[in-house]
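Have a look at the structure below, then the notes.
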Amino acid sequence: TAPTLTFQNPTPANNTYTVSFVYVNMSVNDTASGIDVCTLEWNGVNETMTKSSSSTSIFCFVNKTSLIDANYSYRVFANDSGGNLAASATRHAYVDTTGPTVSYVAPTDASGTNTTRNFAFINITATDTVSIVDNCTLEWSGVNETMQMNSSIEGLGRFCWVNKTSLSDATYTYRAFSNDTLNNTATGGTRTITIDTAGPIVSLVTPTPANNTYTVDYVYVNATATDALTIITGCILEWNSVNETMTLNSSVQGLGRFCFVNKTSLSNANYSYRVFANDTLNNTAASATRHALVDTTAPTYTFNTPTPAN
């Protein structure tokens, strides 16, 4: 009669996920003769196991260490001194020490995106070669929230997503995490997105004349255009309802700019003007309207009665 084989602790149960080792421990019993040898078949390769003794009731064991991430199959053979051979059932052990691979996919915006919409849709794939993806977490400006997770991509992978809506104008930093059944965690890296729905702040500054000022034959219009989030890309002067491009110089501070133009050789008239500025996202804003009164002609005077003649 062949020996009887039974898996014993700490042998992992079949289809168990584990870390970088698998300890195989087997009780071997024979009613008549001593146990001669125990053999572990590990992924199709045989190796001799350590025996606790040579009696009819023994333990055979081996510790498989430094295992790389993979799905391993194994079983144990034992034969007694009478040449009778027995085999255990086959078991599988899943060694997984690595977190999932997390990738941002469409329609997730590229990192550093500037947009005028007030939402950001974050979509990722989380794939693992050994164990199942268990959940996904979005860290949004330092606060964690659970992402929606749908059915598998293929095998052990998952899609995870969240739609961040009703966002105020700001620059947001985020990253997505995913962990598998063994709580191995990985991230897709940090990204930023800037929501900017407001135009710049446009102010007329010196030496622009005050509103309703009388001047000679020129008006120097100087404006600052500042934006909290995106860069100023252009300024337009609306002069008596006709638009012209202004000169844009170096920054005021950060994202702001000076814009200026000198209107020269002006005829006597009442001129109205204002300045528009737009940012990278083409959000536009305007200054208040001002009036400049150009007058280069001296008054005409006439002596009237009863002024005595010369």
Side-chain angles (χ1 to χ4, degrees), residues 9-23 66-73 91-198 227-230 255 279-281 283:
N9 287 331
T11 310
N14 190 32
N15 292 323
T16 294
Y17 292 92
T18 185
V19 285
S20 61
F21 72 92
V22 174
Y23 194 101
S66 302
L67 299 174
I68 63 173
D69 289 5
N71 178 358
Y72 296 93
S73 64
R91 286 192 175 184
H92 294 270
Y94 299 89
V95 174
D96 187 3
T97 60
T98 306
T101 299
V102 180
S103 302
Y104 295 103
V105 294
T108 310
D109 295 288
S111 185
T113 292
N114 298 323
T115 182
T116 57
R117 67 175 185 272
N118 66 348
F119 69 90
F121 194 96
I122 314 301
N123 190 30
I124 66 167
T125 59
T127 55
D128 198 287
T129 58
V130 179
S131 52
I132 297 170
V133 172
D134 190 49
N135 64 62
C136 299
T137 299
L138 177 67
E139 180 189 271
W140 181 266
S141 290
V143 179
N144 290 345
E145 60 183 277
T146 301
M147 302 179 74
Q148 296 290 324
M149 186 166 66
N150 76 344
S151 57
S152 65
I153 303 167
E154 181 179 350
L156 303 172
R158 296 288 185 271
F159 277 110
C160 300
W161 75 93
V162 66
N163 192 12
K164 300 295 294 181
T165 59
S166 302
L167 298 174
S168 302
D169 285 8
T171 296
Y172 298 93
T173 300
Y174 65 92
R175 55 180 175 168
F177 294 88
S178 180
N179 63 280
D180 59 24
T181 309
L182 294 175
N183 210 31
N184 297 309
T185 303
T187 178
T190 300
R191 289 193 172 188
T192 62
I193 185 171
T194 298
I195 307 295
D196 185 4
T197 61
D227 196 288
L229 296 168
T230 50
L255 303 172
D279 59 23
T280 308
L281 297 175
N283 296 310

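Along the sequence shown, residues carry numbers from 1.
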**Request:** Mind checking ring pair (Phe, Tyr, Trp, His ring centres under 6.0 Å) for Tyr172 and listing every partner two or more places apart, or none if nothing turns up?
**Result:**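 Tyr172: ring pair (Phe, Tyr, Trp, His ring centres under 6.0 Å) contacts with Trp140.
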Measure the [atom1]-[atom2] distance between [X] and [Y] for me, rounded to the nearest 0.5 Å.
| X | Y | atom1 | atom2 | result |
| --- | --- | --- | --- | --- |
| Asp128 | Asp180 | CG | CG | 4.5 Å |
| Phe121 | Thr108 | CZ | OG1 | 7.5 Å |
| Tyr104 | Asp109 | OH | CG | 12.0 Å |
| Phe159 | Met149 | CZ | CE | 13.0 Å |
| Ile132 | Asn179 | CD1 | CG | 12.5 Å |
| Thr129 | Asp69 | OG1 | CG | 6.0 Å |

**Request:** Kindly indicate, with the supporting measurements, whether the criterion side-chain contact (heavy atoms from CB on, under 4.5 Å) is fulfilled by Tyr72 and Val22.
**Result:** CA-CA 10 Å; Tyr72 296 93; Val22 174; 5.8 Å; no
What residues, two or more places apart in sequence or in another chain, satisfy side chain to side chain contact (heavy atoms under 4.5 Å, CB included) together with [X]?
| X | value |
| --- | --- |
| Phe119 | Arg117, Asn163, Thr165 |
| Thr146 | none |
| Asn14 | Arg91, His92 |
| Glu139 | Asn144, Arg175, Phe177 |

**Asked** Applying disulfide (SG to SG under 2.5 Å), which residue pairs with at least one partner in residues 93-140 are found, sequence neighbours left out?
**Response**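 Applying disulfide (SG to SG under 2.5 Å) to every pair that reaches into residues 93-140, excluding sequence neighbours, yields Cys136-Cys160.
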**Asked** How about Phe21: does its CZ atom have over 12 heavy atoms from other parts shown lying under 6.0 Å from it?
**Response**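 Count not over threshold, so no.
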For residues [X] and [Y], report the shortest heavy-atom separation together with the two atoms involved.
| X | Y | value |
| --- | --- | --- |
| Ser111 | Arg191 | OG-CA, 3.4 Å |
| Asn118 | Ile195 | CA-CG2, 4.0 Å |
| Ile193 | Thr115 | CD1-CG2, 4.1 Å |
| Val133 | Ala126 | CG2-O, 3.4 Å |
| Pro100 | Ser178 | CD-O, 3.5 Å |
| Asn135 | Thr137 | OD1-OG1, 4.0 Å |

**Asked** Just checking, any donor-acceptor pair under 3.5 angstrom between side chains of Asn184 and Thr98?
**Response**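 There is no such pair between these side chains.
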Do [X] and [Y] make a side-chain contact, defined as non-hydrogen atoms from C-beta onward lying under 4.5 Å apart?
| X | Y | result |
| --- | --- | --- |
| Tyr94 | Ser131 | no |
| Thr18 | Pro12 | no |
| Asn150 | Trp161 | yes |

**Request:** Only one of Asn114, Thr194, Thr230 passes side-chain hydrogen bond (donor to acceptor under 3.5 Å, both in side chains) with Thr171; say which it is.
**Result:**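 That would be Thr194; it is the only one of Asn114, Thr194, Thr230 passing the side-chain hydrogen bond (donor to acceptor under 3.5 Å, both in side chains) with Thr171.
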**Request:** Indicate yes or no for a side-chain donor-acceptor contact from Asp169 to the backbone of Thr197 under 3.5 Å, with no hydrogens or angles considered.
**Result:**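 Looks like yes, one N/O pair under 3.5 Å.
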**Prompt:** Does Arg158 offer a backbone N or O that forms a donor-acceptor pair with the side chain of Thr125 under 3.5 Å?
**Reply:**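 Not at all, since once roles are kept as given, no pair shorter than 3.5 Å links the two residues.
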